[in-house]
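Below is one structure, written out as structure tokens; the observations come after it.
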Amino acid sequence: MEKLLISGGRRLRGTVRVSGAKNAALPIMASTILGSGTHRLRRVPNLRDVFTMGRLLEYLGAGFSLSDSTALIDTGDVRGCEAPYELVRTMRASVLVLGPLLARHGRARVSLPGGCAIGARPINLHLLGLQKMGASITLEKGYVNAKVRRLKGAVICFDIPTVTGTENLMMAAVLAKGVTRLENAAREPEVVDLADALVSAGARIEGAGESIIEIEGVDELEPLDYDIIPDRIEVGTFMAAAGITGGEVTIEGANAEHLAAVVAKLQETGISFRETGAGLTVRGPQRLRASDVKTMPYPGFPTDMQAQFMALMSVAEGTSIISETIFENRFMHVAELRRMGADVGIEGSIATVKGVKSLKGAPVMATDLRASASLVVAALAARGETVIDRIYHLDRGYEAIESKLRSLGARIERLKG
Ligand code: EPU
């Protein structure tokens, strides 16, 4: 299994370019099922999860290739209706094909994703919404079987704003008969990007980015020709890496609007920001200051930045209270950060982080994608060497992470086997 070896203590300096957003690329790739033909998607990151979605589309009968960040997806021959367990268990976002398959074929058989490292993560709200749109749904041997003649518009009010749930139902609704209204919808930039992509192909969607989204069904969609937005969580992770090392890094291609809550929070800790023609320049202070944070749906502070923020707070001056409100088990990085000398206590969904002067390198284990990112951030600032095991988690969501960090002066190398 591959590992990362990081020798910490170097201030990061230089310029880095952000990749396309994984969590926008995945639903937009799934949405190609809705329109027959050859779709062209640009700024698609070269990531394990993107290839898993590519394999799933191939399994359904599509052609898929990715080179130079451009994905070509040919959905002319998509006849399959099944997302098998072997693919869904390696990537939960596979459930994003449910809405498009049902809309295009009136039939879908998709494995239930099961729990994962960060929580139980049910898909009940996706299923309830599809039932409201007229689908009959049964659960059998770990699979969701869904059937319908043609989906019809409905009013769907989510109990909780769910990102992939909003995306699944938006995709289902674009080819449904009549108008669908999604209430308490997720407002994340990735939801907006999916809506923009679908609208560019002929869909009628209003309100994406707000809590109420209205979709008027159309009979068919054109193939997509679309550029994916930059990855705001990758940007946030580079901000944390620059901040914790007291470095100065310019991030090219960042969309600061998507990161308002993160920027505001990092400013409280002493990190400063400057927008220039070249990008967003991030500068770390001599010593970070503690600040409390609570994760919230967008536009609040993202759960996908909580672990990296904790790495920052572990060496800040003072005590920070970090509340995780989205997922019930998203503190897996705590035990690993403690191995590096962090002083973190957990009670339920609240972590109390008492900043220490410095962390020390140690062997640690990546447990999920963002936990891995927090260990990388911590290791960059730690004294001595950190070896991070199970970095396949990191490869799911960060394109070329070690070459990007190396270009900023980090001492980082991948150990094979
Ligand atoms: N929920 C339900 N029922 C549902 C759906 C969700 O109870 O039917 C609950 C979840 O258990 C959770 C909350 O609602 O407590 C919000 O979950 P959401 O559905 O929004 O999460 P998701 O769509 O499964 C996406 C991202 C995650 C990100 C979350 C929150 C993708 C592919 N995944 O997951 O990204 O953490 O939204 O912003 O878009 C990551 O990239 O590392 C990652 C985990």
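Both ligands and their constituent atoms are indexed starting at 1 by order of listing.
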Q: Just jot down the ligand 1 atoms closer than 4.0 angstrom to any heavy atom of Leu125, in number order.
A: 3 (N), 4 (C), 8 (O)
Q: Answer with yes or no after comparing the ring centroid distance for Tyr85 and Tyr143 against a 6.0 Å cut-off, counting only values under it.
A: no
**Q.** NZ or CZ of Arg187 within 45° of Tyr298 ring axis and under 6.0 Å
**A.** no
Q) Considering only protein heavy atoms, which is closest to atom 23 (O) of ligand 1, and at what distance to one decimal place? A) Thr164 OG1, 2.6 Å
Q. Can you find a pair of side-chain heavy atoms, one from Ile271 and one from Phe273, that are under 4.5 Å apart?
A. yes
Q. Just heavy atoms, cut-off under 4.0 Å: does Ile160 contact ligand 1 by side chain, backbone, both, or neither?
A. side chain
Q.
If the cut-off is 4.0 Å to any non-hydrogen atom of Lys22, which atoms of ligand 1 fall inside it?
A. 40 (C), 41 (O)
Q: Using distance alone, determine whether Phe327 and ligand 1 share an N or O pair under 3.5 Å.
A: no
Q. With backbone taken as N, CA, C and O and side chain as the heavy atoms from C-beta onward, which portion of Val163 lies under 4.0 Å from ligand 1: side chain, backbone, both, or neither?
A. both
(Q) Within ligand 1, which atoms have a heavy atom of Asp304 less than 4.0 Å away? (A) 27 (C), 28 (C), 35 (O), 36 (O), 40 (C), 41 (O), 42 (O), 43 (C), 44 (C)
Q. Got a sec: does the NZ of Lys3 have more than 12 other heavy atoms crowding it under 6.0 Å?
A. no
Q. Can you tell me which residue and heavy atom of the protein come closest to atom 44 (C) of ligand 1, and the distance to 0.1 Å?
A. Arg330 NH2, 3.5 Å
Q | Stepwise side chain to side chain donor-acceptor pair (under 3.5 Å) check, Ser349 with Glu328 | A | CA-CA 7 Å; Ser349 61; Glu328 65 274 21; over 6 Å; no
**Q.** Heavy atom of the protein closest to atom 33 (N) of ligand 1 (residue, atom name, distance)
**A.** Asn23 ND2, 3.7 Å
Q | Member of Arg204, Lys177, Arg181 meeting the salt bridge (charged side-chain N to carboxylate O under 4.0 Å, His left out) criterion with Glu216 | A | Arg204
Q: Please test His393 against Asp368 for side chain to side chain donor-acceptor pair (under 3.5 Å), starting from the C-alpha separation and ending with a verdict.
A: CA-CA 5 Å; His393 290 293; Asp368 69 72; over 6 Å; no
Q) Hey, does Val144 have a side-chain heavy atom less than 4.5 Å from the side chain of Leu112? A) yes
Q: Report yes or no: does a heavy atom of Met53 sit under 4.0 Å from some atom of ligand 1?
A: no
Q. Is there side-chain contact between Ile326 and Pro297, with heavy atoms separated by less than 4.5 Å?
A. yes
Q. Do Thr162 and Ile160 touch side chain to side chain, with heavy atoms closer than 4.5 Å?
A. no
Q. So is there a nitrogen or oxygen of Asn124 less than 3.5 Å from a nitrogen or oxygen in ligand 1?
A. yes
Q) Does any N or O atom in Glu167 lie less than 3.5 angstrom from one in ligand 1, N or O only? A) no
Q.
Please list, in number order, the atoms of ligand 1 under 4.0 Å from a heavy atom of His126.
A. 8 (O)
(Q) Distance under 4.0 Å to a non-hydrogen atom of Ile326: what atoms of ligand 1 satisfy this? (A) 12 (C), 15 (O), 16 (C)
Q. Do NZ/NE/NH1/NH2 and the carboxylate oxygens of Asp395 and Arg48 come within less than 4.0 Å?
A. no
Q: Starting from atom 24 (O) of ligand 1, find the nearest protein heavy-atom neighbour and note its residue, name and distance.
A: Arg121 NH2, 3.0 Å
(Q) With a 4.0 Å cut-off on heavy atoms, is Pro122 in contact with ligand 1? (A) yes
(Q) Less than 4.0 Å is my threshold; does some heavy atom of Arg396 fall inside it relative to ligand 1? (A) no
Q: Report the nearest protein non-hydrogen atom to atom 19 (O) of ligand 1: residue, atom name, distance rounded to 0.1 Å.
A: Thr162 OG1, 2.7 Å
Q: Could you tell me if any non-hydrogen atom of Arg370 lies under 4.0 Å from any atom of ligand 1?
A: yes
Q: List every atom of ligand 1 that sits less than 4.0 Å from any heavy atom of Thr303, numbering the atoms from 1 in the order shown and giving each element.
A: 30 (C), 36 (O), 38 (O)
Q.
Taking the side chain as everything from C-beta on, heavy atoms only, tell me whether Asp225 gets closer than 4.5 Å to Arg42.
A. yes
